[in-house]
There are 2 protein chains.
Amino acid sequence: MEQQKEFICPFEYALEILSGKWKGLVLFYLGRRGTLRYSQLRRELKGITQKMLTQTLRRLEEEGLIHREVYPVVPPKVEYSLTPKGQSLLPILDALQKWGDEQLRDKAESDL
Amino acid sequence: MEQQKEFICPFEYALEILSGKWKGLVLFYLGRRGTLRYSQLRRELKGITQKMLTQTLRRLEEEGLIHREVYPVVPPKVEYSLTPKGQSLLPILDALQKWGDEQLRDKAESDL
DNA sequence: CAGTATCCCCCCAGATACTG
DNA sequence: CAGTATCTGGGGGGATACTG
């Protein structure tokens with residue numbers, strides 16, 4: 001069990017959730033596509049290694065943002081989905097995506 | 001001049017903006033307090049070193065999120081403020097802060 | 001299919017000292 | 001006051017190989 005840091009500042013806590021190269025993206029894709037299997041996530045997140053995907057999923061699970069459902073079948077099947085806590089972040093992630101989109105558009109225009 | 005990465009995904013771009021330990025916090029404080037001097041930011045962001053503060057400010061400036069105003073006086077006076085682009089991020093930062101606050105409350109309750 | 005297990009590099013971040 | 005300059009480590013992140 002990883003020991004959880006104690007956060008006093010709610011904003012720092014929120015930033016910590018999205019920190020790292022992949023956590024935000026995993027949440028984003030799970031939000032848009034709903035439940036996804038490990039291999040589906042790996043295809044979606046182009047360029048991610050197995051190690052990073054597993055590590056990212058484990059951390060998000062520890063923080064209660066995603067749910068991991070293991071089906072005892074052969075071959076193995078594991079599905080990931082957002083918890084209510086994870087879903088409560090979705091509006092913010094969408095807002096971030098929109099904001100990024102606008103900025104990239106503006107930048108593209110000014111590059112003409 | 002740092003060379004800018006080319007971003008295709010707007011969400012990745014947005015995440016990059018907030019990446020690192022301090023960038024989000026600097027934006028957050030500048031948003032809440034308005035224009036701040038270097039030394040004021042240093043007091044506000046408890047625990048930040050001069051090196052990290054300067055580095056963080058430079059990167060935010062390069063990305064067009066903050067404005068740096070230098071007054072040619074002795075002793076030196078430098079003020080930082082959000083650009084329109086930086087201000088457009090404020091609602092999202094506030095939302096993140098609210099979200100973090102709710103999560104920490106829930107956690108505190110469940111710890112009883 | 002869904003992961004572990006290693007090895008390794010880079011650079012973020014901190015500590016400390018110095019300066020116009 | 002508002003910064004540089006330098007050194008250092010820790011871990012984030014990648015590549016590769018292996019497994020129940």
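Given the structure is predicted, the values throughout are model-derived calculations rather than measurements. Chain letters run A, B, ... following the sequence lines, proteins first, then strands; residues in each count from 1.
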Query raised in the report: Looking at residues 17-38 of chain A, who's got a heavy atom less than 4.0 Å off DNA chain C?
Result: A:R37, A:Y38
Query raised in the report: B:Q55 CD to D:dG3 P: how many Å, rounded?
Result: 14 Å
Query raised in the report: Which whole-number value in Å describes the distance from B:R42 CZ to C:dA13 P?
Result: 18 Å
Requested in this report: Quickly work out the B:Q40 CD to D:dC1 P distance and round it to whole Å.
Outcome: 11 Å
Requested in this report: Classify the angle between the aromatic ring planes of B:W99 and A:Y13 as parallel (below 30°), tilted (30 to 60°) or perpendicular (above 60°).
Outcome: parallel
**Report entry** Nearest-0.5 Å distance, CG of residue A:L25 to CG of residue A:L18
**Finding:** 10.5 Å
Report summary line: By nearest-heavy-atom nucleotide on DNA chain D, the more 5' of B:T54 and B:R43 is B:R43
Report summary line: Taken to the nearest whole Å, NZ/A:K46 to C1'/D:dG14 is 19 Å
Report task. Examine C:dG3: is either OP1 or OP2 under 4.0 Å from a nitrogen or oxygen in the side chain of A:R58? Give yes or no. Result -> yes
Query raised in the report: Does a side-chain N or O from B:R68 land closer than 4.0 Å to OP1 or OP2 of D:dG3, or not?
Result: yes
Query raised in the report: Which nucleotide sits closest to the side chain of B:M52: D:dC1, C:dA2, C:dG14?
Result: C:dG14
Query raised in the report: Judged by atom type as modelled, is there a donor-acceptor pair below 3.5 Å linking the side chain of B:K23 to the main-chain atoms of B:E16?
Result: yes
Requested in this report: Give a yes or no answer on whether the side chain of B:K85 reaches the backbone of B:E63 with a donor-acceptor pair at less than 3.5 Å.
Outcome: yes
Report task. Scan B:Y80 against the nucleic acid and name what it touches under 4.0 Å (heavy atoms): base, sugar-phosphate only, or nothing. Result -> sugar-phosphate
Query raised in the report: When rounded to the nearest 0.5 angstrom, what is the spacing between CD in B:E62 and CG in B:L57?
Result: 11.5 Å
Report task. Can you tell me the distance, in whole Å, between the CD atom of A:E79 and the P atom of C:dC1? Result -> 14 Å
Report task. Starting from P on D:dG3, measure out to CG on B:L57 and report it in whole angstrom. Result -> 7 Å
**Report entry** Phosphate contact (C:dA2 OP1 or OP2) by A:S39 side-chain N/O below 4.0 Å
**Finding:** yes
Query raised in the report: A:L41 CG to C:dC1 P: how many Å, rounded?
Result: 14 Å
Query raised in the report: How many angstroms lie between atom CG of B:L65 and atom CD of A:Q103, to the nearest 0.5 angstrom?
Result: 7.5 Å
**Report entry** ILVMFWY network linking A:Y71 to A:I66, side-chain heavy atoms under 4.5 angstrom
**Finding:** no
Query raised in the report: How would nucleotides 15-20 of chain D be written as a contact map, 5' to 3', with B for base contact, S for sugar-phosphate-only contact and - for no contact, using protein heavy atoms under 4.0 Å?
Result: B-B--B
Query raised in the report: Sub-3.5 Å donor-acceptor pair from the side chain of B:T35 to the main-chain atoms of B:E79, do we have one?
Result: no
Query raised in the report: Under a cut-off of 3.5 Å for both distances of each Watson-Crick or G-U pair, what dot-bracket string does DNA chain C give, using [ ] for crossing pairs and | for inter-strand pairs?
Result: ||||||||||||||||||||
Query - Electrostatic pair A:D94-A:K98, nearest N-O below 4.0 angstrom - result: no
Report task. Find out if a path of hydrophobic residues (ILVMFWY) with successive side-chain heavy-atom gaps under 4.5 Å connects A:L36 to A:V70. Result -> yes
**Report entry** Length of the line joining B:L45:CG and C:dA13:P, which is rounded to integer Å
**Finding:** 13 Å
Query raised in the report: Should the ring pair A:F28 and B:F11 be called parallel, tilted or perpendicular, given that the plane angle runs from 0 to 90° and is split at 30 and 60?
Result: parallel
Query raised in the report: Are the side chain of A:T54 and the backbone N or O of A:K51 linked by a donor-acceptor pair below 3.5 Å?
Result: no
